[in-house]
Amino acid sequence: MKKIFFLGAGKMATAIAGGLVKSRLCTSSELAAFDVNGAACAAFTAATGVAAVSLEKMTEFDVLLIAVKPQMLADALKPLGGKLEKKLIVSIAAGVPIARIVELTGSSRIVRVMPNTPALVGQGASAFAAASGAEEEDIDLVRQILSAVGIAYQVRECDLDAVTGLSGSGPAYVFEFIQALADGGVAEGLPRDIATKLAAQTLLGAAQMVLETGKHPNELCDAVTSPGGTTSRGLELLAERAFHAAAMQAVRAAAKRSRELGS
Ligand SMILES: NC(=O)c1ccc[n+]([C@@H]2O[C@H](COP(=O)([O-])OP(=O)(O)OC[C@H]3O[C@@H](n4cnc5c(N)ncnc54)[C@H](OP(=O)(O)O)[C@@H]3O)[C@@H](O)[C@H]2O)c1
C-alpha cells in the first residue's frame, strides 16, 4: 500500500486513518499526520495508533490527504510549496474545487472527495471526482481508502453539489427523522430511550434491506403494507403532509446552497 500523510488530524482524518488500520489496508507505520493542534494530534494517535509528526516528514509519503477545514486550506498548504507537484493529492475539504487545489499544490494528480460523518463509525457514503491528471491507479487507491470507512462512488466534479445535498447533508435529515419517530413513540407512551433505539434500528434495518436485497424501495414498502392496515394509515398521513416532496426538496435546497458556496 502507498504511504499516506494526513494534513489535519481531526475527526475525518481520524475516521479514515482508523478505518485503514482496522481493515488492515495499511499498517500504522504507512500512515502519519500533521496537525497544528496538539490535542487533536494526541486524540488521533490514541484512536488510530498512527503517529503525529512534523510537516517536513510529508516528503517521505506518496499521498497527501488534505483534511483541514476549507478556510484553513491555503495556509496549511503554504509551507509545502514546491514539494507537491508529483504527489497524489486527495482533498476532503468541502466545496473546494479541483482547479483551486491544482493552483495551491501544483499537482495535477488530484482527487476531490465528499465524505459524510457516518464514516466515523465505518458506515460512510462518499463520492469522489478525479482531475484529468489523476491516473487510474490513483483512482483505485482513493476508492480503496474510502471503502475502508463505507461505500464510495466516482462521479463528475459537477455532481459533487448533488452528493453534498444528498449524502453529505443527509445524516442530519435522518437524525431529524429518527427524532420525529421517537417523539411519536414517546407521545404514544414509550420510554424515551427505548423509542430512540427502536427508531434508529428501524432506519438501520430498512436501509440494510435496500442495500442487501437490491429491491426498489417501493417494492419493499408494498411488502409491509397490508390493505386497510396500520402501515397504510401511516403512509396516507405522510402523503397528505407531502413527506416525499419535502425530503426531495431538502436535498435540492442543500445542493443549491452547495453550488452558491462554491461559486
Ligand atoms: N465532518 C464532516 O462531516 C465532514 C463531511 C464532509 C467533509 N468534511 C471535510 O473534512 C475536512 C475535515 O473536517 P473535520 O470535521 O475532520 O475537521 P476538524 O475535526 O476540525 O479537523 C481539522 C483539523 O485541522 C487542524 N488544522 C487547522 N489548521 C491547520 C494547518 N494549517 N495545518 C494542519 N492542521 C490544521 C485543526 O486544528 P484547529 O482545530 O486548532 O483549527 C483540526 O484539528 C473539512 O475540510 C471538511 O470540509 C467534513
Side-chain angles (χ1 to χ4, degrees), residues 1-21 25-45 47-115 119 126 128-149 152 154 157 160 262:
M1 187 69 170
K2 301 274 187 199
K3 293 176 77 182
I4 304 166
F5 191 93
F6 292 82
L7 182 61
K11 290 182 285 294
M12 290 307 278
T14 303
I16 296 170
L20 287 168
V21 172
L25 262 173
C26 294
T27 60
S28 49
S29 60
E30 288 172 319
L31 307 173
F34 168 75
D35 199 297
V36 290
N37 184 322
C41 289
F44 175 85
T45 301
T48 63
V50 173
V53 298
S54 67
L55 191 55
E56 292 78 61
K57 292 269 182 207
M58 190 280 307
T59 50
E60 298 166 22
F61 288 75
D62 308 295
V63 181
L64 179 72
L65 196 150
I66 302 172
V68 295
K69 295 279 187 205
Q71 61 275 23
M72 307 293 184
L73 191 79
D75 281 350
L77 287 170
K78 213 171 277 162
L80 295 172
K83 295 178 184 149
L84 297 172
E85 278 89 354
K86 297 203 161 52
K87 303 262 180 220
L88 167 60
I89 315 284
V90 181
S91 169
I92 64 168
V96 181
I98 288 174
R100 176 73 178 138
I101 303 164
V102 171
E103 203 177 280
L104 290 170
T105 61
S107 173
S108 56
R109 291 169 62 202
I110 311 282
V111 178
R112 178 181 160 198
V113 180
M114 184 62 208
S126 306
F128 61 92
S132 53
E135 293 154 19
E136 211 43 54
E137 189 190 335
D138 296 336
I139 293 168
D140 285 346
L141 180 69
V142 171
R143 194 177 276 113
Q144 273 184 294
I145 294 171
L146 297 174
S147 299
V149 288
Q154 186 175 5
E157 187 176 22
L160 285 177

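Remember, it's a predicted structure, so these values are computed and weren't measured experimentally. Both backbone and side-chain heavy atoms feed into the values below; hydrogens, waters and symmetry mates do not. Counting begins at 1 with the first residue of the sequence.
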- Note on the structure: d(I66 CD1, I101 CD1) to nearest 0.5 Å is 5.5 Å
- Check whether any side-chain heavy atom of E30 sits under 4.5 Å from a side-chain heavy atom of F61, and report yes or no. no
- Minimal non-hydrogen separation, E157 against P97, with atom names: OE2-CA, 3.4 Å
- Message: Nearest 0.5 angstrom please: S147 OG to D140 CG, how far?
- Response: 10.5 Å
- With respect to L31, which candidate in L65, L20, T48 satisfies the side-chain contact (heavy atoms from CB on, under 4.5 Å) definition? L20
- At what distance, to the nearest 0.5 angstrom, does CG of D62 lie from NZ of K3? 7.5 Å
- Item | Non-hydrogen side-chain atoms of F128 and L160 separated by less than 4.5 Å | no
- Message: If I compare all heavy atoms of L25 with all of A148, which pair ends up nearest, and what's the gap?
- Response: CD1-CB, 4.0 Å
- Between the CG atom in L77 and the CZ atom in R100, the distance rounded to the nearest 0.5 Å is 9.0 Å
- Item | Side chains of T27 and V21 in contact at under 4.5 Å (non-hydrogen atoms) | no
- Item | Least distance between heavy atoms, G95 atom then R112 atom | CA-NH2, 3.6 Å
- In terms of heavy-atom contacts, A15 and V149 come closest through O-CG1, 3.2 Å
- Task: Give a yes or no answer on whether the side chain of Q154 reaches the backbone of I139 with a donor-acceptor pair at less than 3.5 Å.
- Result: no
- Message: Quick check: closest heavy atoms across F44 and A51, and the distance to 0.1 Å?
- Response: CE2-O, 4.3 Å
- Task: Ignoring hydrogens and angles, tell me if any N or O in the side chain of D35 forms a donor-acceptor pair with the backbone of A9 under 3.5 Å.
- Result: yes
- Output the distance between atom CG (L80) and atom CD (E56), rounded to the nearest 0.5 Å. 9.0 Å
- Item | Reference residue V50; test side-chain contact (heavy atoms from CB on, under 4.5 Å); the match among S28, C26, S29 | S28
- Tell me, with the steps shown, if L64 and F34 meet side-chain contact (heavy atoms from CB on, under 4.5 Å). CA-CA 11 Å; L64 179 72; F34 168 75; over 6 Å; no
- Task: Determine the minimum heavy-atom distance between S107 and L84, stating which atoms define it.
- Result: CB-O, 3.3 Å
- Query: Can you tell if the side chain of I16 reaches within under 4.5 Å of the side chain of I145, non-hydrogen atoms only?
  - Reply: yes
- Task: Calculate, to the nearest 0.5 Å, the distance between atoms CZ and CE belonging to F6 and M12 respectively.
- Result: 10.5 Å
- Message: Quick check against the 3.5 Å criterion: does K78 have a side-chain atom that pairs as donor or acceptor with the backbone of L73?
- Response: no
- Query: Is R109 salt-bridged to E85, cutoff N-O under 4.0 Å?
  - Reply: no
- Are more than 12 heavy atoms from other residues, nucleotides or ligands located less than 6.0 Å from atom NZ of K57? no
- Look at atom CD of E137 and say whether more than 12 heavy atoms of other residues, nucleotides or ligands are closer to it than 6.0 Å. no
- Do L7 and M58 have side-chain heavy atoms sitting under 4.5 Å apart? no
